[in-house]
Visitor: 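Below is the structure I would like to discuss, written out as structure tokens.
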Amino acid sequence: MRDLEALSRALEKIGPAGAEPATVILAAIARLEDDPSLLDAFQRRALIEKGLELLDGAECPLCDRSWDDEDHLRKHLETKLSKSGEAATLQAEMLGAGSTLVQYSARLSGLIAPVVKIAAEHNDAARLLLDRWAQDLETFKGGLSDLQGLVGMKSRLERGWHGLPGQLATVLVAIGAAVDAKPDQTAHVDAHTFLTTAQLRLDDYREAMRKGTAAQKAARLGKAAYDAYCDVMETELNALYDSVETDFSTYYKAVNEDDEVKFTAKLSPSEGKLDFNVNFYERGLFPPGAYHSEGHQDGMGVCLYLALMKRLFGDRFTLALLDDVVMSVDSGHRYQFCKLLRSYFPNTQFIITTHDRLWAEQMRSAGLVTTKTSLAFHSWTVDTGPLVESNEEIWDEIAAALSRGKVETAAHGLRHHLEYASRHLADQLAARPAFRSNGNYELGELLPSVLVRMKELCGKAADAAQSWGNTAAKEEALNRKTALSESNGARSVEQWAVNKAVHYNEWANFGKKDFEPVIAAFKNLLECFRCDDCGSWLYASPKPIPESLRCACNKVTLNLKSKPK
């Protein structure tokens, strides 16, 4: 009924609606009929506008005539276009009025469409009438979009733009009567809507109740699991803290047994954190940073780490890397730290790195490491990387490189080994190269000083043996000195070949036969500094004023202390 009433009200106002744009269009059509040149201007204007769009060069796209240049042709077409200004104004008025009528027609079609559906249920003839009217309005709208269509609509506009069917009022009354004759279903529909809505809400309520019950059960189970977890976690953490407290205190007292034998620590969990307090000479428990020095705090850190690792891994704590962990600890406590690692962690492999040579010597003297289990980096460069002790098979590697024709590889290996051996022997024999504050000694500085020092020690050993009347020892010292001189002579002949000023890529100019004498000369020279039995380097002991020159197995033991006169 609302759809029928909306269409009926629109029909009451359909006369005035659209009258103004229809009048404008009819007046324009009358002007066109009175002045046919305007219609020609219309047609020409459209053609000229199209020609301007297609213009590309001096040839006219409309008549194919060639002009002097494109600018003259463009100005000619624009002049003709400007002369049709009155026709353009009239065209704009007609198209604007046509657009207004399109809007009116669309609005009317929107009111007809629902009434067509109603008529289809009650009156087939009415449906056909309304369908034809709607189709007529669509055709009418299609003719309002261009000038030719508007001119062709003159008779339609004179009759009435809406094209209202003559029997429409009777048809609408009949459809309204048929609809009104139907029983009123409002109460039934309202009741049905109420019951449907109530059923949906009842289903939602029941589902919410089920979810609420399940959620309460899940909450109870979750709280029980959480409480059990918290109880177990607290028990486990307390056991961890107690174990760590005991081990930590034991380790720290082992490192500081001279002044803190009554040391204790307390780990206590609090809200979102762990409180860590330590005893300060039986004056109470305080945070480590309150009274203890940096060295003591560093010691505590290492002891706490060891206690945690023991608690977490037990027997599986077999490997640990300690990088300069006692830099702030004084030398006396460092020695105790070595004892701690040996006594409490006999089955753990510690890899300890440090820049402190004193700490390295303390580890050796405490028996934590040995000469075989320690490694010293002597220097570092971009070209060679860290210089460390060469392996025992260095000569085999050099020979293998030469056998493959890799002279540059053999040269690099020989150079690396000479740099290591010279630096190591300079330390072992207490040689005296020119001092460098940065410790970066060249091979040309170290090797000569080592040779001089070795000859000096062998000479002192021969003099000491003579003073004691030890002929065998004197001969051994002189033989070693003689062998050193001979090897050094051969080395001097080939010394040019390993001058550090020669870049490695220059070795490409050498052949295998050229380089073999170089290797032999330096190998024989270095053998003068080794024991024939154990292969260890000779060293002077003690430093800096040595009393003997010996090897690791004591087969070479040359006394340097002469008999008192």
Visitor: For the OH atom on Y291, are there more than 12 heavy atoms of other groups (residues, nucleotides or ligands in this structure) within a distance under 6.0 Å?
Guide: no
Visitor: Is it the case that atom CG in D227 sees more than 12 heavy atoms from other parts of the structure closer than 6.0 Å?
Guide: yes
Visitor: Roughly how far, to the nearest 0.5 Å, is the NZ atom of K266 from the CG atom of L285?
Guide: 9.0 Å
Visitor: Would you say L202 has more than 12 foreign heavy atoms packed within less than 6.0 Å of its CG?
Guide: yes
Visitor: V278 and side chain to side chain contact (heavy atoms under 4.5 Å, CB included): which single residue from F286, Y252, F248 fits?
Guide: F248
Visitor: Near E234 CD, under 6.0 Å, is it more than 12 heavy atoms from other residues, nucleotides or ligands?
Guide: no
Visitor: With rounding to the nearest 0.5 angstrom, report the CD to CZ distance, E445 to R423.
Guide: 10.0 Å
Visitor: With a 6.0 Å cut-off on ring centres, are F345 and Y251 close enough?
Guide: yes
Visitor: Treating W395 as the side-chain partner and I519 as the backbone partner, does any N or O pair qualify as donor plus acceptor under 3.5 Å?
Guide: no
Visitor: Which residue in the set N256, L308, V255 passes side chain to side chain contact (heavy atoms under 4.5 Å, CB included) when paired with C303?
Guide: V255
Visitor: Nearest heavy-atom pair of W537 and L425: which atoms, and what distance?
Guide: CE3-CD2, 3.6 Å
Visitor: Determine whether more than 12 heavy atoms belonging to other residues, nucleotides or ligands lie under 6.0 Å from atom NZ of K406.
Guide: no
Visitor: Which is it for S548 and N559 under the side-chain hydrogen bond (donor to acceptor under 3.5 Å, both in side chains) test, yes or no, and what are the steps along the way?
Guide: CA-CA 5 Å; S548 65; N559 179 31; over 6 Å; no
Visitor: Quick check for you: to the nearest 0.5 Å, what is the distance between M209 atom CE and D204 atom CG?
Guide: 13.5 Å
Visitor: Determine the minimum heavy-atom distance between A462 and A477, stating which atoms define it.
Guide: N-CB, 3.7 Å
Visitor: Taking atom CD as the centre, does E70 end up with more than 12 heavy-atom neighbours from other residues, nucleotides or ligands that are less than 6.0 angstrom away?
Guide: yes
Visitor: Which distance, rounded to the nearest 0.5 Å, do you find between the CG of L306 and the CZ of F317?
Guide: 5.5 Å
Visitor: Pair R415, E419 - check salt bridge (charged side-chain N to carboxylate O under 4.0 Å, His left out), show working.
Guide: CA-CA 6 Å; R415 179 81 192 195; E419 288 176 342; 3.3 Å; yes
Visitor: Can a salt bridge be assigned to the pair E456 and K460 using a cut-off of 4.0 Å between side-chain N and carboxylate O?
Guide: no
Visitor: So, do E245 and D242 sit near enough that their side-chain heavy atoms are less than 4.5 Å apart?
Guide: yes
Visitor: About how many Å separate OG1 of T246 and OH of Y241, when rounded to the nearest 0.5 Å?
Guide: 14.5 Å
Visitor: In Å and rounded to the nearest 0.5 Å, what is the OG to NE2 distance from S422 to H417?
Guide: 9.0 Å
